[in-house]
Amino acid sequence: MKIGEISERSGVSVRMLRYYETEGLLTPLRRDSGYRDYSEADVEEARRIRQLADAGLTVEAMRDLLPCIISPEPRFDPCENLRARLDGELEKLDRKLEDMARSRDLIASYIASLSP
DNA sequence: GTTCTAACA
DNA sequence: TGTTAGGA
């Protein structure tokens with residue numbers, strides 16, 4: 001199928017689908033026309049990618065995680081680092097949350113000093 | 001009308 | 001990420 005169809009079916013923009021390909025996350029075949037040719041499996045892969053992206057994960061993190069989501073059940077060999085990776089992402093989010101909380105308090109104090 | 005690459009306000 | 005240019 002062409003890029004437009006997989007885009008609609010996966011909810012991933014055409015722009016992002018091309019970007020993910022340059023990052024090695026998706027590798028569609030090429031037709032003689034030069035058009036990308038996606039498989040049915042690519043649709044599922046694209047949907048997984050969308051979920052990870054929705055979770056705020058970077059392409060780098062997705063590269064580690066995607067191989068572990070192939071089958072919802074068995075996740076052993078290639079996924080020893082999955083826990084570590086997710087823990088790392090969680091820590092990154094925690095730090096971000098702390099920074100945002102500080103910004104929030106700062107802005108709140110500015111507002112408070114506005115009209116006494 | 002769709003897709004491609006490259007590049008930008 | 002969107003959008004646009006210029007081709008195919």
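The figures that follow rest on heavy atoms only: side chains count, while hydrogens, waters and symmetry mates do not. In what follows, every chain begins at residue 1, and chains take the letters A, B, ... in the order their sequences are listed.
- Residues A:R36 and A:R30 meet the side-chain proximity criterion, which asks for heavy atoms closer than 4.5 Å.
- Rounded to whole Å, the distance from CZ on A:R18 to P on C:dG2 is 11 Å.
- The base of C:dT1 lies outside donor-acceptor range of the side chain of A:Y19, with no N or O pair under 3.5 Å.
- Taking atom CD1 of residue A:I6 and atom P of nucleotide B:dT3, one finds them 12 Å apart after rounding to whole Å.
- Of all heavy-atom pairs between A:M1 and A:V43, the closest is CE-CG2, 3.4 Å.
- Nearer the 5' end of DNA chain C, as judged by each residue's closest nucleotide, is the contact made by A:V14, out of A:V14 and A:Y35.
- Between A:L86 and A:L65 there is a side-chain heavy-atom pair separated by less than 4.5 Å.
- Residues from residues 25-33 of chain A with heavy atoms under 4.0 angstrom of DNA chain C: there are none.
- Contact check for A:R18 versus A:I3: side-chain heavy atoms found under the 4.5 Å cut-off.
- Contact between the side-chain N/O atoms of A:R36 and the OP1/OP2 oxygens of B:dT3 is not found at any separation under 4.0 Å.
- Note that CG of A:D42 is 14.5 Å distant from OH of A:Y20, once rounded to the nearest 0.5 Å.
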(request) Apply salt bridge (charged side-chain N to carboxylate O under 4.0 Å, His left out) to the pair A:D99 and A:R102, showing each step before the final yes or no. (result) CA-CA 5 Å; A:D99 289 343; A:R102 283 173 42 222; 3.3 Å; yes
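- In this structure the side chain of A:E60 reaches within 4.5 angstrom of the side chain of A:R85, judged on heavy atoms.
- One atom, CZ of A:R15, and another, P of C:dG2, lie 7 Å apart when rounded to the nearest Å.
- Counting to the nearest Å, the P atom of B:dC4 and the NZ atom of A:K2 are 10 Å from each other.
- Pairing of B:dC8, defined by two Watson-Crick or G-U wobble distances under 3.5 Å, is identified with C:dG2.
- Rounded to a whole Å, the CD atom of A:E21 is 12 Å from the P atom of B:dA6.
- Pair assignment for C:dA8 gives B:dT2, based on Watson-Crick or G-U wobble hydrogen-bonding distances that are each under 3.5 Å.
- In this structure, the CE atom of A:M1 is 16 Å from the C1' atom of B:dT3, given to the nearest Å.
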